[in-house]
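Worksheet for the structure shown next.
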Protein chains: 2
Amino acid sequence: MSDPLASLPGYVLRRASSAALAGLNRRLAPYGLRHADVSLLLIVRDRPGITQSEAGRMLDIQRANMVPIVARLEAKGLLDRRRADGRSQGLYLSEDGEGQAAALRRDIDAYETALIARLPEALREHALPVLTALWQAADAEPEQG
Amino acid sequence: MSDPLASLPGYVLRRASSAALAGLNRRLAPYGLRHADVSLLLIVRDRPGITQSEAGRMLDIQRANMVPIVARLEAKGLLDRRRADGRSQGLYLSEDGEGQAAALRRDIDAYETALIARLPEALREHALPVLTALWQAADAEPEQG
DNA sequence: GGTGCATTGCTATGTGGCATAGCAGTAACC
DNA sequence: GGTTACTGCTATGCCACATAGCAATGCACC
């Protein structure tokens with residue numbers, strides 16, 4: 001099991017991420033939602049009236065790829081679109097959407113809490129700061145090779 | 001910028017992972033290799049003669065998905081296949097493969113080092129332990145909802 | 001107050017990672 | 001020696017993500 005890749009933070013990061021995502025998807029399956037859908041739902045819950053493009057920028061999802069996500073959530077009756085100006089539309093949770101979003105948030109929080117609880121105690125407090133810093137560090141990348 | 005998802009380790013983990021992967025892929029582009037190819041190359045370098053299935057298990061890649069990866073690396077002349085027994089084949093680096101693998105390893109190490117260096121100093125030492133523990137924690141998952 | 005430019009939501013399309021189902025050939029085990 | 005397990009493989013589909021281009025709209029600036 002002495003994996004030559006185990007010493008590479010980037011590789012371990014990727015493996016941890018995909019394992020965690022798989023776990024999350026198991027939780028999400030009963031809702032019939034994908035994790036991308038859920039992230040949008042939670043954003044809109046926090047910022048009612050946010051624009052599709054704005055939400056896309058926050059979630060780092062291209063405008064083109066927002067279309068099917070919004071359409072799916074609207075078709076499920078969780079999301080409403082209201083024209084904000086001639087070109088953009090504000091996103092709002094429907095009543096159903098509010099309920100689902102609250103339930104999802106509870107489930108996800110529970111999942112995340114359980115995940116962190118499974119870490120050795122000494123590492124727990126460092127988890128979120130490390131991840132946040134890594135996100136920032138990886139985003140703020142090179143520019144030059 | 002007060003993102004309601006920023007407090008969810010799983011979400012931050014995913015964002016960090018995809019940002020880091022994007023950076024890595026930029027490094028890998030000159031080689032014409034994908035990160036999955038590279039991980040296999042490094043595994044074979046560490047364990048010459050390893051079987052396709054064994055490598056797949058280490059990398060958590062399905063047998064079916066190993067096929068095109070091995071084929072690509074073989075077509076590039078980086079990897080050799082030698083029949084181990086009637087059904088399995090041992091994987092070995094070619095001379096070219098050895099060279100490429102060594103160069104890749106250097107590049108990737110440099111990339112990873114730079115990534116970690118961009119973290120606040122107080123967090124650096126915790127990064128790999130936290131990630132490793134998260135990987136393990138996410139893998140060792142629930143079983144029950 | 002009209003013109004050039006940026007933005008929005010969208011279609012169409014391609015790619016890469018990952019999953020499952022099924023198959024033929026081989027090995028291992030009783 | 002017959003069942004069971006494993007290997008490499010084909011075929012196929014899903015999802016996330018990317019790019020190019022479009023019509024409609026808003027905005028800034030002269």
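When reading the values below, keep in mind they use all heavy atoms of this one structure, side chains included, and skip hydrogens, waters and symmetry mates. In this text, all values refer to a predicted model and were calculated from it rather than measured experimentally. Numbered from 1 within each chain, the chains take letters A, B, ... in sequence-line order.
Under 4.0 angstrom from either OP1 or OP2 of C:dC18 there lies no side-chain N or O belonging to B:Q62. At least one side-chain nitrogen or oxygen of A:H35 sits closer than 4.0 Å to the OP1 or OP2 atom of D:dA16. Residue A:R81 has a polar side-chain atom (N or O) positioned under 4.0 Å from OP1 or OP2 of C:dC10.
In this structure, the CE atom of A:M66 is 17 Å from the C1' atom of C:dT11, given to the nearest Å. Atom CG in B:N25 sits about 18 Å away from atom P in D:dA16, given to the nearest Å. In this structure, A:R72 places its CZ atom 7 Å from P of D:dA16, rounding to the nearest Å. The interatomic distance linking B:R26 (CZ) with D:dC17 (C1') rounds to 15 Å, in whole Å. Taking atom CZ on B:R15 and atom C1' on D:dA16, their separation rounds to 13 Å, with Å as the unit. Between the C1' atom of C:dG9 and the CZ atom of A:R83 lies a distance of 8 Å, rounded to the nearest Å. A:I69 has its CD1 atom 7 Å from the P atom of D:dA16, to the nearest Å. Atom pair A:R87:CZ and C:dA6:P shows a separation of 12 Å (rounding to whole Å applied).
In the displayed structure, A:Q89 atom CD is contacted under 6.0 Å by more than 12 heavy atoms of other residues, nucleotides or ligands.
Remark on DNA chain C: of its neighbouring residues B:I61 and A:R63, the 5'-side contact belongs to A:R63, judged by nearest-heavy-atom nucleotide. Between B:T51 and B:N65, it is B:T51 whose nearest contact on DNA chain D lies nearer the 5' terminus. Along DNA chain C, the nucleotide nearest to A:R14 and the one nearest to A:S53 differ in position, and the one closer to the 5' end is contacted by A:S53.
You'll find that the side chain of A:A64 is closest to C:dT11, out of C:dT8, D:dC9, C:dT11. Set against C:dC10, D:dT10, C:dT8, the side chain of B:V67 has D:dT10 as its closest nucleotide.
Using the six-membered ring where Trp is involved, A:Y11 and B:W135 have ring planes that are perpendicular, over 60° apart on the 30 and 60° scheme.
One hydrophobic cluster holds both A:I61 and A:M58 under the rule that ILVMFWY side chains link at heavy-atom gaps under 4.5 Å.
Not a single donor-acceptor contact under 3.5 angstrom links the side-chain atoms of A:R34 to the base of D:dC15.
Within 4.0 Å (heavy atoms only), B:R57 reaches sugar-phosphate atoms of the nucleic acid but no base atom.
Of the N and O atoms on the side chains of B:Y31 and B:D37, not one donor lies less than 3.5 Å from an acceptor on the other residue.
Under a cutoff of 6.0 Å and an axis angle of 45°, B:R81 and B:Y92 do not form a cation-pi pair.
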